[in-house]
Amino acid sequence: MPFDIATPSAPELKTLFSSNVRIHDIPSYFHVNAYNHPDIPVMTSANPDEVKGVMWGLVPHSARSVGEALSTRKKTLNAAAETLFSAELFRNYAPHNRCLIFVNGFFEWRKGENGKTPYYIYSPDHKPFALGGVYASWDHPDWARPYGCSIITTEADRLMTEINNTKFRMPLVLPQDKWSQWLDTSQHPEQIMELMLPFEGLTAHPISSIISDREMDSNVPEVQQEIILPPDDWF
DNA sequence: CCAGACGTTGTT
DNA sequence: GTCTGG
DNA sequence: CCAGACGTTGTT
DNA sequence: GTCTGG
């Protein structure tokens, strides 16, 4: 579901943490698509004292070739909350390899009478927020990106039900007071399952078609700019 | 973005 | 070569 | 048996 | 590693 996100810069990330959290230098994006497998800012349960770039697209530990890694990672961009602890590909990582993925917002399309309209969804305070994820590492002589992650999806909240009005899903958003619990590997699956709820409290506005125009670079600030829709198209 | 398909249908 | 599913 | 998948959900 | 479609 979230295949399109905006990610914070290192200075933006620093506003979320005390100075003893190390923020690595990570490229930031006004918009990036999952299928480009970008490095995105991640805090892992193994290293909750740093935020580093991790490839979007989990490669399981058991991958046996680069070809298998390439074909698997594009199917592990998302992981459904409901089956996180049972799905073959994720169940080995769900208990101990959870992570937080920091975004400025994400993009989703609303189906209307006159086609689909893209929306930018973000925190009303315009600060970065955290998505729940799962990660794995894979070592191979011909592979330079040891860590890959998946963004967890869950049921849509009220706002996302209006926007993602065909799938009714949204990324798992974890409020700051749940971050340490999410990264705590001593938590039981049931306790973690209880955290994977729809999140109320984001806001959204419609945006132009820059995001879907092949001729344009969508990694520009304007991709997030609000446009005014004809009244009938709003919800 | 990019790996994989792209097609039809009686053979072994 | 081009399309398309992920 | 064993090669290939193992997943999620698209607007480019 | 484990499951499954053929």
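It should be emphasised that the depicted structure is a prediction, and the values quoted were computed from it without experimental measurement.
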Does [X] reach a base, just sugar-phosphate, or nothing at all? Heavy atoms under 4.0 Å.
X        : result
A:Asn33  : base
A:Thr76  : nothing
A:Glu108 : sugar-phosphate
A:Ala87  : sugar-phosphate
A:Ser218 : nothing
A:Ser209 : nothing

Requested in this report: Hey, which sits more toward the 5' end of DNA chain D by its nearest nucleotide, A:Pro60 or A:Asp213?
Outcome: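 Comparing both residues, the 5'-ward one is A:Pro60.
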Query raised in the report: On DNA chain D, nearest-nucleotide positions of A:Phe3 versus A:Leu89: which is more 5'?
Result: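 Here A:Leu89 is the residue nearer the 5' end.
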Whole-Å [atom1] distance, [N] and [M]:
N     : M      : atom1 : value
C:dT2 : B:dT9  : C1'   : 25 Å
D:dC6 : B:dA5  : P     : 13 Å
C:dG1 : D:dT12 : P     : 25 Å

Report the distance from atom [atom1] of [X] to atom [atom2] of [N], rounded to the nearest whole Å.
X        : N     : atom1 : atom2 : value
A:His31  : B:dC1 : NE2   : P     : 11 Å
A:His37  : C:dG5 : NE2   : P     : 17 Å
A:Tyr35  : C:dG5 : OH    : P     : 11 Å
A:Ile152 : D:dT8 : CD1   : P     : 11 Å
A:Met55  : B:dC2 : CE    : P     : 13 Å
A:Tyr93  : E:dT2 : OH    : P     : 12 Å
A:Trp56  : B:dC2 : CH2   : C1'   : 16 Å
A:Leu77  : B:dC1 : CG    : C1'   : 11 Å

Check this one for me: any side-chain N or O of [X] less than 4.0 Å away from OP1 or OP2 of [N]?
X        : N     : result
A:Thr83  : D:dT8 : yes
A:Arg169 : D:dT8 : no
A:Thr72  : D:dA5 : no

Relative to the ring of [Y], is the ring of [X] parallel (under 30°), tilted (30 to 60°) or perpendicular (over 60°)?
X        : Y        : result
A:Phe17  : A:Trp179 : tilted
A:Trp138 : A:His140 : parallel
A:His31  : A:Phe107 : perpendicular

Query raised in the report: Any donor-acceptor pair under 3.5 Å joining the side chain of A:Arg64 to the base of D:dG4?
Result: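 Donor-acceptor pair under 3.5 Å: no.
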Report task. Check whether the side chain of A:Glu68 and the base of D:dG4 form a donor-acceptor pair under 3.5 Å. Result ->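 Answer no: no donor N or O sits under 3.5 Å from an acceptor.
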Query raised in the report: DNA chain D: stems of at least 3 consecutive Watson-Crick or G-U pairs, cut-off 3.5 Å?
Result: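 Stem list for DNA chain D: D:1-6 with E:1-6.
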**Report entry** Expected output: side-chain A:Thr154 to main-chain A:Met196 donor-acceptor under 3.5 Å
**Finding:**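 Yes, A:Thr154 side chain to A:Met196 backbone: donor-acceptor pair under 3.5 Å.
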Query raised in the report: Do side-chain atoms of A:Thr72 reach the backbone of A:Val59 as a donor and acceptor pair under 3.5 angstrom?
Result: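 No, because the side chain of A:Thr72 does not come within donor-acceptor range (under 3.5 Å) of the backbone of A:Val59.
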Query raised in the report: According to the side-chain hydrogen bond (donor to acceptor under 3.5 Å, both in side chains) rule, which pairs have a member within residues 45-55 of chain A, sequence neighbours left out?
Result: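 Counting only pairs at least two positions apart or across chains, the side-chain hydrogen bond (donor to acceptor under 3.5 Å, both in side chains) contacts touching residues 45-55 of chain A are A:His24-A:Glu50.
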Report task. Go through D:dT9, B:dA3, E:dT2 for me and flag the one nearest to the A:Glu88 side chain. Result ->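 Looking only at heavy atoms from C-beta outward on A:Glu88, the closest nucleotide is E:dT2.
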Query - A:Lys75 side chain, from C-beta outward: closest of E:dG1, D:dA5, B:dA3 - result: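 So the side chain of A:Lys75 is nearest to D:dA5.
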Query raised in the report: Looking at A:Arg169 and A:Glu108, does any basic side-chain N land under 4.0 Å from a carboxylate oxygen?
Result: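 Result for this pair is no, no salt bridge flagged.
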Query raised in the report: Hey, are A:Gln181 and A:Gln187 close enough side-chain-wise for a donor-acceptor pair under 3.5 Å?
Result: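 Side-chain D/A pair, A:Gln187 to A:Gln181: present.
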Query raised in the report: Please, which pairs that meet salt bridge (Lys or Arg N to Asp or Glu O under 4.0 Å) have at least one residue in residues 118-134 of chain A, sequence neighbours excluded?
Result: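 Of all non-adjacent pairs touching residues 118-134 of chain A, none passes salt bridge (Lys or Arg N to Asp or Glu O under 4.0 Å).
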